[in-house]
Asker: 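Here you go, one structure.
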Protein chains: 4
Amino acid sequence: MICLFQNLQEPERLKTLPDRTRAIDEADKALRRQSLLQSALRLFLEQPTNLPSVQAIATEAGLAKGTIYLYFDTKEEIFLAILTHLYDGILSELLTNLESEPQVAQSVAATLSAYTRRHPAFLPLASMNTTILERNVKPDLVMQLKTRLYEGIALISQALNKRYPTLSLSECAQLLINTQALVLGLWQMHQMPETVRSALIASNMSLLAPDFHETLKAGITCLWQSLSNH
Amino acid sequence: MICLFQNLQEPERLKTLPDRTRAIDEADKALRRQSLLQSALRLFLEQPTNLPSVQAIATEAGLAKGTIYLYFDTKEEIFLAILTHLYDGILSELLTNLESEPQVAQSVAATLSAYTRRHPAFLPLASMNTTILERNVKPDLVMQLKTRLYEGIALISQALNKRYPTLSLSECAQLLINTQALVLGLWQMHQMPETVRSALIASNMSLLAPDFHETLKAGITCLWQSLSNH
Amino acid sequence: MICLFQNLQEPERLKTLPDRTRAIDEADKALRRQSLLQSALRLFLEQPTNLPSVQAIATEAGLAKGTIYLYFDTKEEIFLAILTHLYDGILSELLTNLESEPQVAQSVAATLSAYTRRHPAFLPLASMNTTILERNVKPDLVMQLKTRLYEGIALISQALNKRYPTLSLSECAQLLINTQALVLGLWQMHQMPETVRSALIASNMSLLAPDFHETLKAGITCLWQSLSNH
Amino acid sequence: MICLFQNLQEPERLKTLPDRTRAIDEADKALRRQSLLQSALRLFLEQPTNLPSVQAIATEAGLAKGTIYLYFDTKEEIFLAILTHLYDGILSELLTNLESEPQVAQSVAATLSAYTRRHPAFLPLASMNTTILERNVKPDLVMQLKTRLYEGIALISQALNKRYPTLSLSECAQLLINTQALVLGLWQMHQMPETVRSALIASNMSLLAPDFHETLKAGITCLWQSLSNH
DNA sequence: TATGAATGAGCGTTCATTCAT
DNA sequence: CATGAATGAACGCTCATTCAT
């Protein structure tokens with residue numbers, strides 16, 4: 001089986017190329033690409049409401065602005081690559097945890113909650129996907145993300161189906177998609193300026209300003225309750 | 001009962017002010033404001049991926065650019081107003097239909113499906129809310145949207161709670177929030193360039209390019225299945 | 001003798017017209033005009049680097065924006081009127097003090113120093129005269145200012161000439177003009193952001209950041225030393 | 001002696017970079033910067049009442065608007081640079097002429113008169129310095145101008161002091177500052193629309209519409225008469 | 001491959017002034 | 001005379017992308 005997740009790179013293991021050195025062979029190029037992704041990610045995390053500027057990314061990576069365009073066609077492509085990677089990550093963890101955990105719904109909820117904590121760029125980027133990223137990226141890169149997503153979902157669906165044979169493969173897949181949709185939507189609804197958040201709480205409307213992770217778990221539990229019926 | 005939704009204006013009933021006429025009294029001003037909202041909406045629907053430019057909105061409304069700033073502080077404010085209005089609309093319909101329909105989950109799904117069809121700006125705008133709109137709008141307008149949302153949810157929760165007394169008010173509210181999150185997320189996942197859509201179908205991954213309204217109904221049914229347990 | 005300075009109005013004696021009342025007769029109109037001038041001046045003093053907006057002036061005066069244009073053709077006209085008034089004031093004081101004081105140069109210096117202190121709008125406005133005000137005002141209003149200036153200078157020159165008969169009338173006049181030029185120039189050279197001022201002092205260049213009033217006195221003394229020769 | 005005025009560039013000697021060519025090394029960059037300054041200056045001289053627009057400057061220089069911002073942070077910075085340069089120029093000439101001319105006051109007057117004729121942008125820009133330029137420029141650029149001014153004044157003061165040992169260094173410096181103030185003020189008082197000028201002459205008030213250069217000489221002579229006493 | 005100078009489209013907003021009421 | 005809604009010109013600046021070197 002081709003591994004979906006070949007792209008995963010532990011940053012700490014990453015050998016870095018000296019700045020302003022020419023990346024000749026494929027390995028060096030990949031390294032440089034990774035380094036750009038790391039820089040972009042780092043800057044994005046500093047202010048997850050905006051994509052950082054190309055200049056900032058280049059500077060952060062110790063390279064020139066033009067160099068970035070040797071590795072990516074547009075700025076958005078960089079972040080779509082990061083997002084793709086993050087999708088890979090979450091799918092991979094879901095699969096792993098599914099197999100080891102007895103309580104499926106709880107496992108899913110816990111995995112998602114932990115993952116979004118450990119990867120605070122995931123949901124902000126996922127939220128921008130439709131609105132910002134895909135709009136400025138070649139279709140085949142969008143397809144790449146979708147394909148990865150599809151394959152991940154397929155694998156997880158199979159695992160699920162093995163444990164809950166009464167649930168069809170496509171029901172499993174749909175459940176996963178719904179889960180991702182729910183997480184994405186909850187995160188966006190939960191996102192707001194700090195002033196608004198405190199105003200909401202002050203006005204007894206904390207329903208709209210809840211702890212994201214709490215809500216996440218509850219929501220997933222609700223969505224996955226069908227499993228307990230099977 | 002105080003009606004939340006007094007703001008709803010059927011565009012077709014709207015008397016329009018002749019162009020370049022002065023809106024002196026409050027009624028005329030409201031009319032002009034509505035007309036700007038209509039123009040903005042119309043242009044947005046032509047290309048729901050970008051907010052139209054202020055100049056375009058003004059021209060569409062037969063007014064000068066500066067006039068817009070007599071009615072709105074920023075461009076985003078216009079679209080937040082539209083979105084607020086659309087949230088009012090959906091909440092109102094949910095409430096109405098809930099009371100008349102026997103099958104609650106189906107009613108909710110059908111209402112949402114129909115509403116998003118009739119108001120194709122709803123989900124695109126809702127998707128931009130966090131990322132684009134709220135970022136350039138005074139906090140109290142964000143609060144206004146949230147408050148309306150809260151009050152709508154409160155009313156619907158009460159109606160739900162009346163029919164399913166085993167479900168607590170806050171469980172009902174949370175269910176509604178989850179529903180909105182799910183719809184939002186599904187719409188975003190379902191959103192893609194036409195080329196991508198056909199590529200997905202060609203590659204046997206139509207799972208990721210489904211009919212939105214189908215998926216919506218299935219998703220809501222899944223989320224609301226708890227009701228059948230009560 | 002026709003008084004040059006009929007325009008001088010002690011603000012405290014000013015009867016004010018109730019807001020939004022129609023000014024029918026000439027006296028009422030003059031009152032309203034004065035009130036607009038006062039409002040404009042008050043706002044300008046709050047931020048003497050920019051002319052306040054017409055809207056701000058109207059609001060401050062309790063009137064509508066359009067009303068201002070019943071009294072002045074352009075915004076700059078308002079400030080040219082204020083400046084004219086302030087020129088009247090300084091000329092009048094110079095004349096008065098000249099007659100009572102024995103030491104002419106010192107009298108002039110002291111008068112100017114005191115006047116600019118009491119009327120902090122004088123030099124800022126005078127500095128804007130060429131660059132901003134006269135550019136957007138009908139020539140005959142500029143002429144009015146010049147005429148007043150001329151007549152004031154003429155009167156003072158006569159007084160000077162009486163005391164120093166060896167100085168021709170036109171030499172006296174020129175001396176006055178040079179004095180005004182010097183004051184204006186010194187004020188502009190002395191004007192700077194606070195940060196720059198402290199940087200200058202820190203760099204041992206306090207020559208360029210002196211006390212304005214000190215410099216003023218020294219400068220005038222220097223310019224007027226010819227008198228002691230006569 | 002380190003020359004303060006190394007920046008002086010005779011425009012006619014300036015090698016120009018071909019349009020749309022890249023300025024790679026520092027020399028070319030300096031050339032391009034000079035060319036932008038020249039263009040800005042040229043346009044300003046066409047209408048010395050307003051700073052030309054950035055677009056106009058770019059077009060005049062055969063470059064794109066954005067390019068300007070590679071060389072200057074704001075539009076005002078361009079003109080502050082020109083003004084700094086012009087201050088360098090006048091200080092340099094004053095110093096040179098002082099050393100060669102026997103009659104100091106006359107030398108100063110003649111130098112200033114000639115310089116302002118040859119550099120018609122000098123006084124208009126100097127007049128805008130406080131009101132317009134320094135307001136939109138980083139403090140350290142203002143400081144640069146001040147520093148240059150200070151150093152120029154220091155050098156000239158030394159030269160003066162050598163010839164008139166009874167005048168202290170700081171008296172010399174102050175005399176120079178007063179001179180600059182006087183020139184600036186006279187220029188502003190002398191500045192007026194052509195219509196006003198002819199009206200003044202027609203009304204026998206030519207005192208207020210004199211030949212600037214005449215007045216300048218007379219004024220400086222008056223200010224510098226102290227020297228003859230020493 | 002790397003650079004970074006050059007490009008130029010894109011846009012929201014302010015505000016003095018006009019003028020219908 | 002008073003109002004204030006409507007006007008629309010004016011403009012600096014950013015920044016993703018290109019491309020000559």
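Here is how names work: the chains are called A, B, and so on, in the same order as the sequence lines, proteins then strands, and each is numbered from 1.
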Asker: Salt bridge or not for C:Arg42 and C:Glu60, using N-O below 4.0 Å?
Answerer: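 Here C:Arg42 pairs with C:Glu60 in a salt bridge, since their nearest N and O are under 4.0 Å apart.
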Asker: Could you tell me how far apart C:Arg32 (CZ) and F:dT3 (P) are, to the nearest whole angstrom?
Answerer: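 Taking CZ of C:Arg32 and P of F:dT3, I get 7 Å after rounding.
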Asker: To the nearest Å, how far apart are C:Leu36 CG and E:dA16 P?
Answerer: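 Taking CG of C:Leu36 and P of E:dA16, I get 14 Å after rounding.
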Asker: Can you work out whether B:Ser53 or C:Lys75 has the more 5'-proximal nearest nucleotide on DNA chain E?
Answerer: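 Per heavy-atom nearest nucleotide, the more 5' residue is B:Ser53.
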Asker: For DNA chain E, whose closest nucleotide is more 5', that of B:Pro52 or that of D:Gly66?
Answerer: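 Looking at the nearest nucleotide for each, D:Gly66 comes out on the 5' side.
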Asker: Which whole-number value in Å describes the distance from D:Lys29 NZ to E:dT3 C1'?
Answerer: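 That distance rounds to 11 Å.
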Asker: Would you indicate, yes or no, if E:dA5 has its OP1 or OP2 atom less than 4.0 angstrom from a side-chain nitrogen or oxygen of D:Tyr71?
Answerer: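 No, no such contact exists.
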Asker: Mapping A:Leu51 and D:Tyr69 to their closest nucleotides on DNA chain F, which lands nearer the 5' end?
Answerer: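 In this pair, the answer is D:Tyr69.
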Asker: Any base atoms under 4.0 Å from D:Asn136, or only sugar-phosphate, or nothing? Heavy atoms, all strands.
Answerer: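 Here D:Asn136 touches the backbone only, sparing every base.
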Asker: Please give, in whole Å, the distance from E:dT18 C1' to C:Leu70 CG?
Answerer: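 Nearest whole value for this atom pair: 12 Å.
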Asker: For F:dT21, what is the paired nucleotide under Watson-Crick or G-U wobble rules, both distances under 3.5 Å?
Answerer: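 Across any shown strand, F:dT21 pairs with E:dA2.
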Asker: Say whether, by atom type as modelled, one donor and one acceptor occur between the side chain of A:Thr84 and the main chain of A:Leu80 under 3.5 angstrom.
Answerer: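 Indeed, once roles are kept as given, a pair shorter than 3.5 Å links the two residues.
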Asker: For D:Thr59 and D:Gln55, which I'm curious about, is there any donor-acceptor pair between the side chains at under 3.5 Å?
Answerer: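 Their side chains do contain a donor-acceptor pair, which is all the 3.5 Å distance test asks for.
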Asker: Want to settle it: does D:Gln55 or A:Thr74 sit nearer the 5' end of DNA chain F, counting the closest nucleotide to each?
Answerer: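 It is D:Gln55 whose nearest nucleotide is closer to the 5' end.
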Asker: Going by purine N1 to pyrimidine N3 plus the second Watson-Crick contact, or the G-U wobble pair, all under 3.5 Å, which nucleotide sits opposite E:dA9?
Answerer: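 Here E:dA9 is engaged in a pair, and the nucleotide opposite it is F:dT14.
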Asker: Between C1' on E:dA2 and CG on A:Leu31, what's the gap in Å once rounded to a whole number?
Answerer: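 A:Leu31 atom CG is separated from E:dA2 atom C1' by 17 Å.
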Asker: Measure from the side-chain N and O atoms of B:Lys75 to the backbone N and O of B:Pro52, and report whether any donor-acceptor pair falls under 3.5 Å.
Answerer: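 Yes; at least one donor-acceptor contact below 3.5 Å.
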Asker: Send over the distance from B:Phe72 CZ to F:dA6 P, rounded to a whole Å.
Answerer: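 Value for this atom pair: 12 Å.
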Asker: Mind calculating the distance between CD1 (A:Ile57) and P (E:dA2) to the nearest angstrom?
Answerer: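 Those two atoms, CD1 and P, are 17 Å apart.
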Asker: In whole Å, what is the span from the NZ atom of D:Lys65 to the P atom of E:dA9?
Answerer: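 In whole Å, E:dA9 P lies 9 Å from D:Lys65 NZ.
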Asker: For B:Ser35, is there any backbone N or O sitting under 3.5 Å from a side-chain donor or acceptor partner on B:Ser39?
Answerer: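 Judged by distance alone, yes, a pair lies under 3.5 Å.
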Asker: Looking for any heavy atom pair under 4.0 Å, which part of the strands does A:Thr67 touch: base, sugar-phosphate only, or nothing?
Answerer: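 Result for A:Thr67 = base.
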